Amino acid sequence: PVRYYDWIAHFGRRTPDKIAVIDLASQRRLSYAEFDQRISRLASHLRDQLGVKRGDRVAVLALNTTDTLEVQFACFRIGAVFLPLNNRLTVPELQFIVGDASPSVMIHDTDLAEVALTVAKLCNVASALLFGPGASYEAAIAAAKPLDTHESVTLDDISTIMYTSGTTGQPKGAIITHGMTFWNCVNLGGPAYISPSTVLLTVLPLFHTGGLNCYTNPVLHSGGTVLIMRAFDPGLALQLISDVSAGINQFFGVPSIYQFMAQHPSFATADFSRLVIGGVGGAPMPVPLLKVWEERGVALQQGYGMTETSPAVLTLDKEDAVRKAGSSGKPVMHTEVRIVRPDGSDAGVDELGELWVRGPNVTPGYWNRPDANASSFTDGWLHTGDATRVDAEGFYYIVDRWKDMYISGGENVYPAEVENVLHQIPAIAEAAVIGIPNEQWGEVGMAIVAVRPGHTLAAEQIHAHCAANLARFKCPRLIEFVDALPRNATGKIHKPTLRNKFGVSKA
Ligand code: ATP
Ligand code: MG
């Protein structure tokens, strides 16, 4: 049978000497043939020594490393389920996820040994292999024989359980099938200009769909090269992108990644001339930040997706990036989208509704979550929870999450629109807006703002700027200054934390 999941074996034969992955922290460079060999040996070790069977979950708790990718592909080869864990979570948070997904083994990083061993013990999971030079992972690969047989895995089999970012509440385990990952590679290939010549710098965490599938897996599916950064460092990222010998021509980040790079001292002199694409998605992208990058000659291309859609749903083409700045573009090839009114009918042009998605890249459901499964789907359409509109030319605009919208004096306010206006103020490093209960207006907006180091900013200046640029009901009435905004491991602003902290009206 065709092995849809085995891109590495394919390129191990087709372009054996080509570099597949580079681990920046350890400086390990693996050709496709070497990568394929290591995956094959790891797969046989998992199956024959650790007793991992088809359908068993294999957890990984690590900072970004090429080893994590080997575990993914090894799981695919034996029909096991890859379970990447968020390395920023605390023991109780991990205990929830590991208890929920019940892996049979856990593989972890030396730096995270204490947390990993505690969680493994609490959840009764065998902690099996340890990443790192001289550690058991390397010994296992060295001692193992290449895998002799292959499981016949179909496109509908589960390949991965990936937990959502937990931006709106508890993370949910999205079931990812081999087909979903495969179709995402197909869907993104063209729009993200992925080819065998692609050299991608991956800075987002590999336990999140952004790091793994934008564009790490699709680039490996095309026989390109991926450089893995252990943890995002804006200065190092700018240095690598500028480095001719590294040859990086592709990059993907969430908005905060671009924000931190733009605020770094070497942004002004960095060389972006080799970048074919700078993709951005995962959270609302402030249009003023797009402009900052455009002034440096980089037309960032927004895309929209979610863990549950593996992830690409919408992408903006390079030709439209400036003219349609703020749009997430148009649907990728093998997916269907609708914008739906609360009564279930289709919204018209420019009318705001909820985005629904259907297609082979969409999850069949959440792991152990009958409640979420019942409320999230209608006839195979996944309800994204995102307020969206489409213009007359067919370009989609993700406005904000429905749940983050608040109603002030009877008018709907989408925080992302207000945040866009706040980001026009150069002294603002980060800004978030939430709705706060208020007796007179129902709710009023509160802006929580972090000021750039070396700048000063008074609340009156923020009020004045908003008054000049926003309708009265959208202007935040309350302003709080903080040193930094709370973010989850994906770099998204964590609004539940802000609501807990500031959720009582002072107006
Ligand atoms: P959780 O579902 O656990 O609350 P999450 O929704 O942040 O977390 P992800 O799957 O990582 O988990 O993120 C998907 C969400 O990210 C989308 O539903 C949407 O709200 C947001 N998003 C993604 N791309 C964009 C974009 N281009 N513009 C605005 N929002 C985006
Ligand atoms: Mg979500």
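Keep in mind it's a predicted model, so treat the numbers as computed, not measured. Whatever order the structure lists them in is the order used to number ligands and atoms, beginning at 1. All residue numbers in this chain count up from 1 along the given sequence.
Under the 4.0 Å criterion applied to side-chain N and carboxylate O atoms, Lys330 and Glu393 are not assigned as salt-bridge partners. Checked for salt-bridge contact, Arg389 and Glu354 miss the test: no charged N lies under 4.0 Å from a carboxylate O. Under a 4.0 Å N-O distance rule, the pair Lys324/Asp317 does not qualify as a salt bridge. Salt bridge Arg230/Asp109: present, at least one basic N to carboxylate O contact under 4.0 Å.
Only the side chain of Arg401 comes within 4.0 Å of ligand 1, judged by heavy-atom distances. At a heavy-atom cutoff of 4.0 Å, ligand 1 is contacted by both the backbone and the side chain of Thr307.
In terms of protein heavy atoms, atom 13 (O) of ligand 1 is closest to Lys492 NZ, 2.7 Å. The single protein non-hydrogen atom nearest to atom 24 (N) of ligand 1 is Gly282 N, 2.9 Å, given as residue, atom name and distance. Closest to atom 12 (O) of ligand 1 among all protein heavy atoms lies Ser165 N, 3.3 Å. Atom 4 (O) of ligand 1 has as its closest protein heavy atom Thr168 OG1, 2.4 Å. The closest protein non-hydrogen atom to atom 17 (C) of ligand 1 is Asp386 OD2, 3.2 Å. Ranking protein heavy atoms by distance to atom 7 (O) of ligand 1, first place goes to Thr167 OG1, 2.4 Å. For atom 14 (C) of ligand 1, the closest non-hydrogen atom on the protein side is Met306 CB, 3.4 Å.
Between the side chains of Ser102 and Arg57, a donor-acceptor pair is found at a separation under 3.5 Å. Side-chain contact annotation: His208 with Ser165, donor-acceptor N/O pair under 3.5 Å present. Looking only at atom types and distance, the side chain of Thr90 has a donor-acceptor partner in the side chain of Glu93 under 3.5 Å away. Residues Asn500 and Thr497 bring no donor and acceptor atom of their side chains to less than 3.5 Å of each other. Between the side chains of Asp320 and Gln301, no donor-acceptor pair is found at a separation under 3.5 Å. With no hydrogens or angles considered, no side-chain donor-acceptor pair links Glu443 and Trp441 at under 3.5 Å.
Note on ligand 1: Gly303 sits in its first shell, one or more heavy atoms being nearer than 4.0 Å. Using a 4.0 angstrom heavy-atom cutoff, His208 counts as in contact with ligand 1. By the 4.0 Å heavy-atom criterion, Thr490 is excluded from the residues contacting ligand 1. Heavy-atom separations between Gly385 and ligand 1 are all 4.0 Å or longer.
Listed by number with element, the atoms of ligand 1 under 4.0 Å from a non-hydrogen atom of Gln302 are 26 (C), 27 (N), 28 (N). Listed by atom number, the atoms of ligand 1 under 4.0 Å from Pro284 heavy atoms are 28 (N), 29 (C), 30 (N). Of all atoms in ligand 1, numbered sequentially from 1 with element shown, those under 4.0 Å from a heavy atom of Ser328 are 27 (N).
Around atom 3 (O) of ligand 1, the closest heavy atom drawn from Ala416, Gly166, Ser327 belongs to Gly166. The closest heavy-atom contact to atom 31 (C) of ligand 1, among the options Ala283, Gly326, Ala372, Pro255, comes from Ala283.
Checked against a 6.0 Å centroid threshold, the rings of Trp367 and Tyr163 do not count as neighbours.
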